Structure formats: structure tokens, C-alpha cells
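Remember, predicted model here, so these are calculated numbers, not experimental data. Each residue takes its place number in the sequence, starting with 1.
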Amino acid sequence: MITARPIELLAPAKNLDCGMEAVRHGADAVYVGAPTFGARAAAGNSVDDIRTLCDYAHIYDVRVYVALNTILRDDELKIAERMIRQLYDAGADALIVQDMGITQLDIPPIPLHASTQADNATPGKVEFLHRAGFGQIVLARELTLEEIRNISAHVPDATLEAFIHGALCVSYSGRCYLSAALCGRSANRGECAQYCRLPYSLVDRDGQAVQENRHLLSLKDLNRSDDLEAMMLAGISSFKIEGRLKDVSYVKNITAHYRREMDAVFAANPAFYRSSSGHSSFTFTPCPEKSFNRGFTSYFLHGRDLDIASPDTPKSIGEPVGTVKELKGNSFTVAGLKPIHNGDGLAFFNSRGELEGFRVNRTEANRIFPQGITDVRNRPDAATSRKLPAVKPGMPLYRNFDRDFERLLAQPSATRKIGVRVEWGDYPDGFVLAMTDESDARVVIARPFAGEIARTPQDGNVKAQLGKLGSTPFEAEQIILSTAKNYFVPSSLLNDMRREAVDKLLSVRRMRFRRRYAKRSACGGEAIYPQQKLDYTANISNREAERFYKKHGVTELEPSFEDKPRDGVPLMYTKHCLRYSLGWCPTLQGKKSPYGEPYFLAYKDRRLRLAFDCKKCRMLVYDSK
């Protein structure tokens with residue numbers, strides 16, 4: 001039996017502008033980076049900006065979550081504690097954390113959400129976090145629908161969150177130490193150097209090349225547009241879009257896309273409904289292919305899939321627009337159904353398998369005249385300029401910049417309105433105006449006024465003036481007039497009463513916003529951690545995190561890799577398996593590699609050794625030294 005419940009579309013914001021646009025374009029919740037200690041160090045926001053975003057979002061019952069999801073050192077705990085109090089006072093609705101030490105601080109009753117970096121991949125771990133007081137738990141991206149169903153069945157009262165769109169970490173989040181080991185920049189401290197996006201050569205134990213100069217750890221981007229209802233049925237209540245470093249056009253487009261997709265699910269299945277108020281209208285047709293993407297995958301949601309990687313490039317490919325048909329002079333024709341316009345950015349894979357791009361100077365029907373070519377490989381000295389791009393007949397073309405689409409998004413591209421019922425009537429000494437919103441919040445304004453019979457009908461003007469709600473968050477869905485006689489009503493009176501009603505209804509909505517409070521008593525010792533021994537992958541970096549785990553039954557623990565780097569341990573745990581991608585998985589494909597193991601990934605003078613844990617169906621990456 002399906003339990004009816006509200007569903008949350010959770011959108012990213014790197015700054016205040018992105019956050020407000022996420023709300024306008026249909027988000028039910030927005031997550032932003034804290035001023036510091038966020039897993040995207042470049043996406044911090046001031047407390048004042050977060051307060052402004054909360055004030056705006058709460059009008060629509062939209063919640064604001066603040067990411068404070070790095071691991072903390074002892075000397076940072078008091079700083080974090082003070083900042084959390086400031087965020088709570090600013091109106092933040094929850095903190096997204098991975099460091100369990102935060103639960104031991106003297107902080108206000110702000111709800112805590114367990115970041116995906118806390119490695120939330122098993123029923124036992126999710127049950128523990130739920131019992132330990134976490135209000136929402138972000139599941140590992142690698143889980144299948146069946147695994148999500150099992151977790152939901154095991155912990156039916158837990159609020160589960162899952163990613164549905166955006167860039168994918170190839171490693172289990174929080175369990176990647178590649179960047180920390182190779183250059184001292186810790187992903188768990190918000191400073192990932194993205195070694196997974198580099199080009200590697202895969203070589204065997206004898207140094208023979210299996211693959212050369214390919215982005216073997218780089219994944220496509222996530223897109224689960226077709227899986228939303230299935231995920232709801234499996235137990236997901238919060239649907240998260242990745243992208244706290246993305247620009248505002250990405251936030252607008254992707255949020256609007258999933259708003260439409262989710263509303264379609266709600267219309268077909270009334271067991272699910274949105275968790276915030278208002279309705280968004282758009283001046284554009286959302287299209288996720290037009291925003292940054294490396295190609296799309298649903299990842300492991302339906303089991304293992306060969307087509308999850310983006311080995312040819314870590315750059316944005318964009319949307320397919322056709323194939324090259326005929327070369328002629330300084331132009332070429334395209335066979336395709338999508339129109340191409342002046343100023344568009346097009347890309348293609350050249351004969352060496354490298355992504356190149358160019359701007360369109362002008363078009364004549366299906367004939368393209370390029371401005372020149374820009375090589376977009378990962379070499380800053382590789383920029384070239386030629387009369388005609390190195391395209392050949394039959395090559396697929398992609399558009400990674402749609403000028404007209406971006407121009408639409410650069411303008412005000414959405415409005416969000418809360419429906420209201422407006423009632424106008426009279427009483428013995430004057431007129432009365434009532435305004436009721438879709439949540440049944442209601443205000444009544446009465447003004448004394450001498451009743452005079454009008455010479456002309458007044459209903460049309462009364463409706464016109466009361467319906468002028470354009471710049472407010474409200475939209476008149478119904479205007480009801482019930483006056484005893486055709487009284488004369490000055491437009492100035494109507495406008496004054498309408499403005500007063502709007503101001504009071506906004507105040508009522510802010511007062512009625514239901515803030516959630518955490519029950520810290522739930523963090524007692526009755527919740528027992530599913531393991532008694534923890535190694536460096538638990539990311540324990542401060543004394544309060546140690547205290548948390550010991551209080552919950554852990555008897556042995558290691559300090560984090562960041563605090564105590566060590567040799568001979570895996571630097572990455574990933575479900576993406578190169579042996580499977582090459583068709584040589586002995587378990588699932590029943591084939592044996594023709595090359596001698598171990599395999600190595602080679603980049604410049606760096607070599608990484610691969611190992612395969614078939615029992616847990618994952619690949620491990622070590623420093624070869």
C-alpha cells in the first residue's frame with residue numbers, strides 16, 4: 001500500500017541570485033553552501049544572504065538547507081558552533097552534514113541531514129542515522145531501486161533523499177582520497193582537484209597499453225527524469241539536483257524541467273503531492289540537454305549498465321543536432337531536425353577522438369558558416385584557428401551553447417504565484433475585503449465608507465482593481481462580489497484595501513510557516529552503530545566525532561586520512577569497474593581478460609594500481625608506490 005506523502009524537489013544554489021531563481025522556477029527546497037566548511041569551497045554564502053533567501057523562500061513554504069558537509073578539525077569546532085547559531089537565527093531550515101562531531105556541539109534545535117558523504121548505502125547505516133536523530137538522509141548515488149526499496153522497508157519512518165540530476169562522483173562520496181593523497185587537496189575538506197576527470201592510459205602489469213589517453217574515471221551526468229515515480233514508490237521523498245557550482249541558467253532550466261516532470265507524476269498519482277506552495281510559469285520550454293552535460297545516465301538505478309562513462313571528454317557535450325553532410329569551401333551542410341542559429345556553439349569529436357568546438361558565424365538554411373575553431377582539449381596551449389573545422393561527412397554534431405535559449409534564460413524567465421480567493425462585500429458602515437490563499441490563510445480588511453449609489457455598474461472596475469496582484473506573490477484565482485446594491489467604489493479605496501490585504505496575508509504566511517525542530521534527545525546511546533571497528537574511511541577528524549562513535553558502541557577507530565596519510569590503502573572506492581566496462585568481468589560477464597593484472601592507470605609520471613573486489617562488486621584504486 002502506498003503511503004500518501006509530500007514530495008520535495010531540492011535545487012542547488014551557489015549564491016543568493018541562484019537561490020531565488022530556484023524558488024521562482026519551482027523548487028520545494030534549496031540547498032546552499034555555508035559561509036565556510038561546505039564541500040564546495042568555492043560556493044560559500046554569507047549569513048546575510050542566507051537570511052534574505054530564507055525570508056523569500058518561506059513565503060512559498062520553500063525550505064532552505066545549508067551544506068556544512070566537510071570534516072572538521074578540533075580548532076574549527078567552536079567556529080562551526082557559532083556559525084550554526086547564526087544560520088539558525090537567519091532562518092535556515094536544516095544543516096547537511098557528514099561530520100558526526102557536529103551532533104555533539106552546543107547548537108540550537110536545527111534539523112540535521114546526513115550528507116551522502118556519510119556513506120549512506122545500507123539499511124543498517126540508514127537506520128542508525130535515523131535513530132541517532134537525523135531528520136533526512138541522503139542516500140548513496142550508487143544504489144539500485146531494489147536497494148532503495150529495501151532501505152525504505154527497513155526504516156519506514158526515515159525521510160530519504162536521492163540525487164536525480166547532475167555531475168557524478170565516480171567514487172562513493174566521502175570515500176575518495178585521491179586528491180588528498182596526490183596534491184594535498186582533500187575532497188572531504190571541500191577542495192577536490194578532480195583527478196577523476198583527467199586522461200589516463202590503462203596499462204597491464206607488463207606495461208602494455210590497453211587504452212590510451214582516455215578519461216577512464218570520468219562519468220556521464222545523472223538524469224533520472226524517467227524514474228521519478230518509480231523512486232517515489234521505492235520510498236524517496238526528496239529529489240536532489242546536483243550543482244552548487246553551476247550558473248544561474250543551469251539552475252533555472254534544470255529546476256523547471258523537474259518541476260514539470262514531478263507535477264505530471266502528481267497529476268497521475270494523487271498519493272504524492274508537492275511540499276511547498278504556489279505554481280510556477282515559464283517563458284521557455286525546459287530542456288536538460290541544453291545545459292551543461294557530459295551525456296546522461298541513470299547510473300546503477302536499474303542495475304549495472306555499460307554506458308555510464310564519458311571516456312572521450314570530461315567537457316560538456318550538449319544536445320545532438322545532426323550530422324555533417326557535405327563540405328563546401330568555408331561552410332558545410334548539416335542533416336538534422338533541430339535548427340541552428342547564428343552564435344550557437346557546436347562541438348564534434350575529431351578523427352583523433354578529441355572534442356573540438358566552434359561558434360556559428362551565420363547559417364543559410366542547413367548550411368553552416370563557422371567563425372573558426374577552438375580546440376577544447378585539456379591543454380591550454382592547444383588553441384588553434386582554421387578556416388574550417390576538421391569535420392567530415394557523417395560526423396555527429398552537438399550544440400553545447402544555444403544562443404537563443406541562453407538569451408531567454410538571461411531574462412526574467414519564471415513567475416511563481418500563490419492562488420488566492422478574493423471576496424468583496426459591504427456592511428452597514430462601509431466595505432469589507434477578504435483574501436484567502438491556497439493554504440486557507442485568510443485576512444479580512446474593513447473600511448468605513450459612506451454608501452452612494454453609482455450611476456454606472458461598478459462590478460467590472462471592482463474586479464479589475466482587486467485583481468491587480470502582478471508584482472506580489474499572489475494571483476487571484478477567484479473574485480467574488482457580494483454587495484447589496486450598486487455602490488460607488490473609488491479605485492483608490494480598492495487599491496489601498498488590496499495592498500493592505502496583500503501585506504497582511506504575507507505576514508500571516510510568514511507566521512504560519514512551520515519550522516521544524518530537531519529532538520536532540522534522540523541522539524542518546526540507544527542507537528548502536530552497525531560496526532564496532534572503524535578505519536580511516538569513517539573520516540573522523542576531531543574529538544567530538546570520536547566521542548559520538550564511542551557513545552554509539554564503536555570500540556576501535558582510526559583517524560581520517562587527512563589527519564594521518566598512509567601508504568598501501570585504497571584511495572578510491574568505486575562501483576564503476578573498468579574490467580566490467582571492457583567486457584572482462586568474470587562474475588557478471590563470464591569472461592577473462594587477455595591482459596595480465598594488475599592494471600595501472602598512468603597519467604604523466606603518476607601510476608595508480610587497480611584492484612577488483614568482486615564480492616562487493618567494486619573497484620579499488622591505490623597509489624602504485
Inset, instruction - Look at the side chain of E544 and the backbone N and O of I102, then say whether any donor-acceptor pair between them is shorter than 3.5 Å. - result: no

Inset, instruction - Kindly say whether the aromatic ring centers of H552 and F548 come within a distance under 6.0 Å. - result: yes

Legend entry - Ion pair check, D61 and R514, cut-off under 4.0 Å: no

Inset, instruction - Mind checking ring pair (Phe, Tyr, Trp, His ring centres under 6.0 Å) for Y536 and listing every partner two or more places apart, or none if nothing turns up? - result: Y177

Legend entry - Residues H165, Y258; criterion side chain to side chain donor-acceptor pair (under 3.5 Å); working and verdict: CA-CA 9 Å; H165 196 95; Y258 282 98; 2.8 Å; yes

Legend entry - Partners passing salt bridge (Lys or Arg N to Asp or Glu O under 4.0 Å) against R73 (at least two apart in sequence or in another chain): D563

Legend entry - Cation over ring face, K246 and F292, 6.0 Å, 45°: yes

Inset, instruction - List in chain and number order the residues that pass ring pair (Phe, Tyr, Trp, His ring centres under 6.0 Å) with Y60, two or more places apart in sequence or in another chain; answer none if no residue qualifies. - result: Y56

Legend entry - Residues D263, R260: salt bridge by 4.0 Å N-O rule: no

Legend entry - Passing option when K240 is tested against L222, L139, L10, T116 for side chain to side chain contact (heavy atoms under 4.5 Å, CB included): L10

Legend entry - Pair E21 + R416: basic N to acidic O under 4.0 Å: no

Legend entry - Centroid-centroid distance, F128 to Y529, less than 6.0 Å: yes

